[in-house]
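Read the structure below first, then the notes.
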Amino acid sequence: MPKNEYLCTYIEQKSKAISACKDTPKMNSITQRKVQTFIDERQLLKAGDLVVVGVSGGTDSVALLHILDSLRYKCIVAHCNFHLRMDDSLRDELFVRNLAKTRNLEFHSIDFKTVEYSKQHGISVEMAARELRYEWFYQLLEKTGAQAIAIAHHADDSIETVLMNLVRGTSLKGLTGIPARNRQVVRPLLCLTRDEIENYLREQHLEHVEDTTNAENDYQRNKFRNEVIPLLEKINPAVRSALYSNLEHFEGNFAIYQQAIEQIKNKVSCEAGGTIVIDIANLKQQIHARTVLFELLSAYGFNPAVIGQVYEQLDADPGKTFLSPAYRLVKDRNVLIVSKLNSDSNETAEIGEHDLQINYPLCLKVNKFAKTSGFNVSKSKDCVHFDARKLVFPLTIRHWQEGDYFFPFGMKQRKKLSDYFIDRKFSLVDKEECWLLVSGDDIVWIVGERTDDRFKITEQTSEIVEFRIEKDK
């Protein structure tokens, strides 16, 4: 996009203003000390850290950059041009570029086709801009070796977030507002209100550019900012101060709540091999068991409506199944079992006659040797032996299917696998995760469970095939 005369003149004027105040020695302002205290208390940054600072050119991000730079953090200026506001988008980029130059700071910018991206992914323009922005920030973090990404969210943003969460429906965590840290993203200005930031810019004589979309009501957040909160202020003129004070209380309450929830989780549930087991009797003994169940299951993508259904089925017959996008919950006899969804229940693998090992879908070592007079058949469920002559290669590894049967070792009558699973009290998850070693159409081994009597070692056996489960692989 070519630079037009208007933009060049505009930036030149802004440049002179920035340069004029560049060396103004106001390094010990109350606002800077307040931000430094907030950073130290939350351990957001360490002295001298290299920080990628997201700068749009607006009030908040200009204040953020000036404060961090004044506090002697090593700042890298990062600007995203989303090309959403015609000439204003180019104006903002040129302004931020010049701002970085006048402060002798490293500058990076990127252009996004935001509208096109939003249509391709079926998301709002606002969400598209967010995804594009953070993905690039993390790429820049890795490229520069910076310790953190600083974003200019402030106290009013956090208040708006809480109100939006309340309207949508939220847990206690949703009442704590925007987190000061999320992975490597830090928000040092959450201790400041919008008024404090604007006052800081006036005190420091800092220029910025106006984002005209902030005055519009196209986005949900702006509706809260420009309509809902002003309406609340008619009821209580100090509503912003009250809400911010509540945020601080909620954050402390949530920290205590979270600690208690973790202790309860350890009492009522356990995890093994990626499967979570929740003891129903123990769960029901807890104060407000429904809330405990919500905290247990929401971490695995179960929404509140489904969690409510699970709670209502705690005393129901076993077998009921509930799904989240990535997990399955099965109501068993006395427990709830949560496990990852099996991406392909029809997956199979073959073991050739000369294969010594397979590594997928499970790890098995294969060994073939001649039978000797002193040979003893393994009694371990993880290491089994068969008569080589009775096996028809290639063997198949697969999941169980309805109608499968085998002859359990030591028995002369066949048994349906479904009946065997009932006898062994297999849950639905256990059955789905069970693997079978099959020769032709005959089951040789319920892997890790029991072998078939038809393939056992006898006096006539001359050659043996050994299968060993490698659990550490």
Side-chain angles (χ1 to χ4, degrees), residues 3 5-40 44-45 47-81 85 87-109 150-157 186-215 225 240-241 244:
K3 299 179 183 178
E5 185 176 347
Y6 159 75
L7 287 173
C8 290
T9 302
Y10 177 89
I11 296 303
E12 184 179 354
Q13 292 172 347
K14 292 293 185 181
S15 174
K16 290 178 180 178
I18 293 169
S19 299
C21 68
K22 174 184 172 185
D23 298 321
T24 304
K26 296 187 178 180
M27 303 296 291
N28 295 313
S29 75
I30 295 174
T31 303
Q32 289 174 12
R33 291 198 297 271
K34 185 175 181 179
V35 172
Q36 184 66 72
T37 299
F38 184 78
I39 289 173
D40 293 341
L44 302 182
L45 299 169
D49 269 357
L50 182 63
V51 185
V52 173
V53 185
V55 183
S56 67
T59 307
D60 309 331
S61 62
V62 167
L64 173 65
L65 179 65
H66 187 271
I67 291 172
L68 293 181
D69 190 32
S70 299
L71 293 173
R72 300 295 186 263
Y73 293 102
K74 300 171 185 175
C75 299
I76 297 172
V77 180
H79 177 79
C80 301
N81 189 335
R85 294 179 292 116
D87 285 349
D88 282 355
S89 292
L90 179 57
R91 175 205 67 178
D92 295 354
E93 180 180 340
L94 293 174
F95 173 82
V96 177
R97 183 184 297 273
N98 193 70
L99 176 63
K101 182 179 179 181
T102 58
R103 298 193 71 86
N104 275 333
L105 298 176
E106 184 178 339
F107 174 78
H108 295 266
S109 66
I151 303 297
H153 289 125
H154 50 73
D156 290 65
D157 292 323
V186 298
R187 300 177 173 90
L189 300 191
L190 284 178
C191 59
L192 302 180
T193 64
R194 183 177 289 110
D195 287 344
E196 287 177 306
I197 292 172
E198 290 175 352
N199 288 336
Y200 179 80
L201 262 66
R202 284 193 291 270
E203 291 170 2
Q204 300 290 334
H205 307 292
L206 298 176
E207 295 290 332
H208 66 283
V209 290
E210 293 291 343
D211 182 352
T212 55
T213 61
N214 283 336
R225 179 179 303 164
R240 292 177 191 267
S241 177
Y244 184 66

Report summary line: Taking every heavy atom of Leu64 against every heavy atom of Ile151, the minimum-distance pair comes out as CD2-C, 3.6 Å
Query - Heavy-atom neighbours of Lys34 NZ exceed 12 at 6.0 Å - result: yes
Report task. Check whether any side-chain heavy atom of Leu192 sits under 4.5 Å from a side-chain heavy atom of Phe38, and report yes or no. Result -> no
Query raised in the report: With side chains defined as the heavy atoms from C-beta onward, is the minimum distance between Phe95 and Val62 less than 4.5 Å?
Result: yes
Report task. Say whether, by atom type as modelled, one donor and one acceptor occur between the side chain of His79 and the main chain of Val55 under 3.5 angstrom. Result -> yes
Query raised in the report: Rounded to the nearest 0.5 Å, how far apart are CG of Leu68 and CD1 of Ile39?
Result: 5.5 Å
Report summary line: Rounding to 0.5 Å, atoms NE2 (His154) and CD (Glu196) come to a distance of 11.0 Å
Query raised in the report: Do any N or O atoms from the side chain of Arg72 and from the backbone of Ser70 form a donor-acceptor pair under 3.5 angstrom?
Result: yes
Report task. Could you tell me the separation between the CD atom of Gln32 and the CD atom of Gln36, rounded to the nearest 0.5 Å? Result -> 9.5 Å
**Report entry** Exam field: side chain Asn199 to backbone Asp195, donor-acceptor pair closer than 3.5 Å
**Finding:** yes
Query - For the student: nearest non-hydrogen atoms of Ser56 and Val209, plus distance - result: O-CG2, 4.4 Å
Query raised in the report: Are the side chains of Ser61 and Val53 in touch, meaning some heavy atoms are under 4.5 Å apart?
Result: no
Report task. With the side chain counted from C-beta on, respond yes when Phe107 and Val96 share a heavy-atom pair under 4.5 Å apart, and no when they do not. Result -> yes
Report task. Determine, for Glu93 against Arg97, whether the closest basic-nitrogen to carboxylate-oxygen distance falls under 4.0 angstrom. Result -> yes
